[in-house]
> 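First the structure, which I've put down as structure tokens, then a few questions once you've had a look.
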2 protein chains.
Amino acid sequence: MVHQHAPQEGLGLLEALEDCGQRMTGQRALLARHLDGKAEAFSAEEIARELPGVGRATIYRTLKLLVEAGALCKMQLPDGSPRYKRDAAAHHHHHLVCTVCRRVEEFRHPSVERMLRTMRDEVGGTVVGHRLEIFIVCNDCRQPS
Amino acid sequence: MVHQHAPQEGLGLLEALEDCGQRMTGQRALLARHLDGKAEAFSAEEIARELPGVGRATIYRTLKLLVEAGALCKMQLPDGSPRYKRDAAAHHHHHLVCTVCRRVEEFRHPSVERMLRTMRDEVGGTVVGHRLEIFIVCNDCRQPS
DNA sequence: GTTGCTGCAAATCCTTTGCAAGGTT
DNA sequence: AACCTTGCAAAGGATTTGCAGCAAC
């Protein structure tokens with residue numbers, strides 16, 4: 001079985017910001033609390049809609065901070081539209097994206113790590129990173145014909 | 001060794017368009033001939049600059065046709081900026097992106113296929129696609145300190 | 001009191017689209 | 001002739017940025 005990370009809380013996004021030496025403002029606290037509650041991937045626009053009290057610019061600026069802090073990861077759906085997701089795993093993981101409901105799951109699997117280790121040795125050059133997304137139709141979306 | 005596809009010609013992009021039943025216009029021929037000469041990945045904007053005689057809209061429309069025809073693939077650099085690349089391999093492959101010079105190579109490797117086969121069985125849901133990019137510093141960019 | 005943060009609006013980047021005119025089959 | 005394609009300019013989505021005012025440290 002693939003190990004799918006539960007939508008656990010981790011450290012909380014506010015803490016992530018504090019750890020970067022950022023000032024603690026009302027907007028950031030609001031945003032962090034709001035995002036902490038999101039198990040699923042979301043778009044910046046969606047957040048702007050849900051938090052009319054926080055300016056769009058602040059939302060984008062804060063999301064970027066959180067991505068840089070490693071507390072969120074930014075990814076793209078198959079059609080290229082951007083989504084953010086709480087980084088439940090403290091570290092390295094990959095994404096499983098349902099092409100129907102657009103839900104995103106994080107996963108780890110030894111076969112992926114094995115592949116990456118192999119590539120590290122085989123590739124001409126130094127591997128500095130990667131991106132892996134697997135597109136699926138999830139069990140919930142596979143209609144019970 | 002990874003099998004890196006040489007920047008070979010393949011079928012030519014014009015043929016790809018013909019095969020889709022598209023009309024053969026002067027702009028399309030120009031664009032196809034121009035892209036045929038490109039070994040490296042490129043941006044749409046770059047093409048628009050290089051072919052001032054062809055309208056931006058036509059360039060985007062034709063690039064999209066070529067992507068749908070499978071003759072080009074569209075990808076994103078690590079920073080998210082979009083790039084197109086001639087699809088040298090007739091089929092399925094992955095990308096090696098140098099984070100310094102931004103050059104993109106296609107590659108295939110059995111370890112990747114093995115990993116995908118494993119994931120197909122392990123994942124909860126039906127796998128319908130994937131995206132894999134490995135970011136490197138290529139040998140040319142690794143400065144001879 | 002500094003320095004950093006916010007919001008607004010304007011600006012940017014990448015791309016799509018409406019529409020009238022012209023090219024292809 | 002019928003239908004597709006083109007180009008222009010406007011529209012659109014996602015983000016960024018300039019800047020003045022305000023809040024955190």
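Chain identifiers are assigned alphabetically (A, B, ...) following the order of the sequence lines, protein sequences preceding nucleic acid strands; residue numbering begins at 1 within each chain.
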> I'd like the 5' and 3' limits of the part of DNA chain C contacted by chain A, with heavy-atom contacts below 4.0 Å.
C:dT3 to C:dC8

> Measuring from B:M24:CE to B:L17:CG, what's the distance to the nearest 0.5 Å?
5.5 Å

> Can you tell me if CZ on B:R131 sees more than 12 non-hydrogen neighbours from other groups inside 6.0 Å?
yes

> Does D:dT5 have OP1 or OP2 sitting under 4.0 Å from an N or O in the side chain of B:Q27?
no

> Could you give the CD-to-C1' distance, from A:E18 to D:dA24, as a whole number of Å?
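Going from CD in A:E18 over to C1' in D:dA24 covers 13 Å.
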
> In terms of the nearest nucleotide of DNA chain C, which residue is placed more toward the 5' end: B:E45 or A:R28?
A:R28

> Let me see the working for A:H34 and A:E50 under side-chain hydrogen bond (donor to acceptor under 3.5 Å, both in side chains), right down to the final yes or no.
CA-CA 9 Å; A:H34 186 72; A:E50 294 167 352; 2.7 Å; yes

> What is the separation between atom CG on A:L77 and atom P on D:dA14, rounded to the nearest whole Å?
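So the two atoms are 11 Å apart, to the nearest Å.
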
> From the set D:dG7, D:dT15, D:dA24, return the single nucleotide nearest to any side-chain atom of A:R23.
D:dA24

> Taking B:R28 for its side chain and B:R23 for its backbone only, find out whether a donor-acceptor pair lies under 3.5 Å.
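Side chain of B:R28 to backbone of B:R23, a donor-acceptor pair under 3.5 Å: yes, one is there.
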
> When the distance from CG of A:L30 to C1' of D:dA24 is rounded to whole Å, what number comes out?
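Roughly 16 Å, once rounded to whole Å.
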
> Do B:R103 side-chain atoms and B:E40 backbone N/O form a donor-acceptor pair below 3.5 Å?
no

> Would you say the ring centroid of B:H109 lies under 6.0 angstrom from that of B:H94?
no

> Between the side chain of A:T62 and the main-chain N/O of A:T58, is any donor-acceptor distance below 3.5 Å?
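Yes.
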
> Go through residues 51-67 of chain A and report each residue with a non-hydrogen atom lying under 4.0 Å from DNA chain D, sorted by number.
A:R56, A:A57, A:Y60, A:R61, A:K64

> Under a 4.0 Å N-O cut-off, is there an ion pair linking A:D87 with A:K74?
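Salt bridge: no.
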
